[in-house]
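See below for the structure under consideration.
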Amino acid sequence: MSSLQSLEISNKRVFLRCDLNVPIKDGEIVDDGRIRASLPTIKFLLESGASLVIGAHLGRPKGEISSELSLAPVAERLRVLLNREVDFVAGKRAHVIPHVGKGHVQLLENLRFSAAETSKVQSERESFAREIADSVDCYVGDGFGAVHRSHASVYDLPLMLPHAPGFLVSAEVEILEKLTRNPERPYAVILGGSKVSDKIAVISNLLDKVNVLAIGGGMVFTFLAAQGKVIGKSLVEKELIPTVKELISRAAGLGVDLLLPTDIVVAPAFSADAPATVVSVDGIGEEMMGLDIGPASAKNFAAAIAPCKTVFWNGPMGVFEFPAFAHGTRVVAQALKEISGMSVVGGGDSAAAVRSFGFADSDFGYISTGGGASLEYLEGKQLPGLQALDL
Ligand code: AMP
């Protein structure tokens with residue numbers, strides 16, 4: 001397996017792909033977890049005598065320059081966290097400052113301001129990657145949250161240069177490997193969030209590996225609909241009901257303990273101040289929408305997690321952004337904190353949820369920085385950004 005220590009970096013110009021895709025509201029960074037997670041590799045490279053050109057993306061600008069998706073606030077936060085100057089050319093498309101010396105740090109503007117970064121046409125991506133490759137000596141891939149994308153800076157560029165994974169990517173892969181190969185049992189997977197379509201493949205791939213599968217969030221209503229329950233105005237992906245029915249019967253055949261909520265917190269509207277009521281899963285009114293798992297379900301999920309030696313959690317149990325619908329997510333987070341085995345929190349939303357509740361990163365075994373990437377890894381897919389790094 002390739003490693004950062006085996007790459008020659010002293011006095012070299014290193015292109016470092018990071019995942020700095022942090023939530024920003026009104027110009028302020030809401031959660032800088034991904035920036036902090038990038039620091040060990042950045043510091044190591046600087047201490048090893050490299051100069052750095054850091055490339056990253058923010059949101060989905062689709063090839064257009066957008067001031068809201070500028071990495072300028074990230075450059076500012078990096079300056080503070082590194083306590084050193086970081087060059088950033090605001091407002092422009094990414095371009096590498098030529099001929100800078102040892103210890104110099106440059107953060108390029110949002111790589112996705114160039115349509116070529118995400119182009120489906122290989123030659124367009126390659127010529128964009130070539131421009132960067134010509135002004136650096138080697139490549140370090142540490143943007144775990146983007147490794148499932150075959151984008152120019154993730155896939156094409158490392159193929160053109162001596163390369164190695166950064167510490168974050170190596171750590172993420174090590175954890176995900178543990179989850180897929182021989183996890184310590186009992187092994188529970190808890191899934192939530194808004195869409196079943198995002199998680200069908202991972203459920204399908206993990207079903208014969210897990211002991212407990214607990215489902216909450218907006219996605220659970222497609223499961224409840226598949227069981228013939230009235231779900232009112234709750235989120236649902238009707239076209240997936242047949243697939244979900246198949247998954248439910250496969251889980252039963254495999255002896256997997258499939259946990260669905262028995263009570264739901266409902267409200268007449270999707271809003272922070274909508275009146276919240278707890279109802280049985282059989283009592284969701286036609287005019288109501290389910291916005292959280294109920295307290296009995298949360299307790300039940302927590303009890304199922306307690307004896308587990310490995311737990312992977314992706315996706316909030318409810319609309320945790322609204323305090324009235326945050327209880328289920330908080331209880332699951334607390335249960336994860338208390339297990340004696342390995343707990344892995346996967347994905348931006350789940351990580352933001354646990355931090356917003358005041359949990360520390362150290363309360364969990366591992367907080368993955370990449371929701372989509374970790375799910376695709378667990379689906380058993382080959383991820384382009386890892387393949388390009390020989391992982
Ligand atoms: P995802 O991006 O698929 O991980 O979904 C995360 C989002 O799902 C969060 O912003 C939650 O507010 C939302 N969510 C969780 N539960 C529900 C629900 N019952 N109804 C609507 N949205 C939900």
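Counting starts at 1 for both ligands and their atoms, following the listed order.
Between the side chains of E109 and S70, at least one donor N or O sits under 3.5 Å from an acceptor N or O. Side-chain atoms of T222 and E237 form no donor-acceptor pair, as typed in the model, at a separation below 3.5 Å. For the residue pair H104/D87, the side-chain donor-acceptor check at 3.5 Å is satisfied. Side-chain atoms of S280 and D263 include no donor-acceptor pair closer than 3.5 Å.
Surrounding CG of D134 are more than 12 heavy atoms belonging to other residues, nucleotides or ligands, all under 6.0 Å away. In the displayed structure, K229 atom NZ is contacted under 6.0 Å by more than 12 heavy atoms of other residues, nucleotides or ligands.
For atom 21 (C) of ligand 1, the closest heavy atom belonging to the protein is L235 CD1, 3.6 Å. The protein atom (non-hydrogen) at minimum distance from atom 12 (O) of ligand 1 is E321 OE1, 2.6 Å. Atom 4 (O) of ligand 1 has as its closest protein heavy atom D349 OD2, 3.5 Å. Atom 17 (C) of ligand 1 has G218 N, 3.2 Å as its closest protein atom, hydrogens excluded (heavy atom only).
Interface atoms of ligand 1 facing G193, defined by a heavy-atom separation under 4.0 Å, are 1 (P), 3 (O), 4 (O), 5 (O), 6 (C), 8 (O). Near F221, with a cut-off below 4.0 Å to any heavy atom, the atoms of ligand 1 are 19 (N). Near L291, meaning under 4.0 Å from any of its heavy atoms, are these atoms of ligand 1: 19 (N), 20 (N). Near G290, meaning under 4.0 Å from any of its heavy atoms, are these atoms of ligand 1: 18 (C), 19 (N), 20 (N).
In this structure, F44 and F167 have perpendicular ring planes: the angle between them is above 60°, well past the 30° mark.
For ligand 1, none of its N or O atoms has an N or O atom of N314 under 3.5 Å away. Taking distance alone, with nitrogen or oxygen atoms compared against 3.5 Å, S194 approaches ligand 1 more closely than that limit. Checking only distances, M317 never comes within under 3.5 Å of ligand 1, N or O to N or O.
Using a cutoff of 4.0 Å between basic side-chain nitrogens and carboxylate oxygens, E28 and K25 are not scored as salt-bridged.
Here M219 has no heavy atoms under 4.0 Å from ligand 1, in either its backbone or its side chain. Looking at V319 against ligand 1, both its backbone and its side chain come within 4.0 Å, counting heavy atoms.
Ring to ring, F320 and F325 are not that close: their centroids are 6.0 angstrom or more apart. Aromatic rings from F270 and F322 are positioned such that their centres are separated by under 6.0 Å.
Assignment of F325 to the shell around ligand 1 is not supported, since no heavy atom sits closer than 4.0 Å.
With atom 14 (N) of ligand 1 as the reference point, the heavy atom nearest to it among G318, G217, A267 is part of G318.
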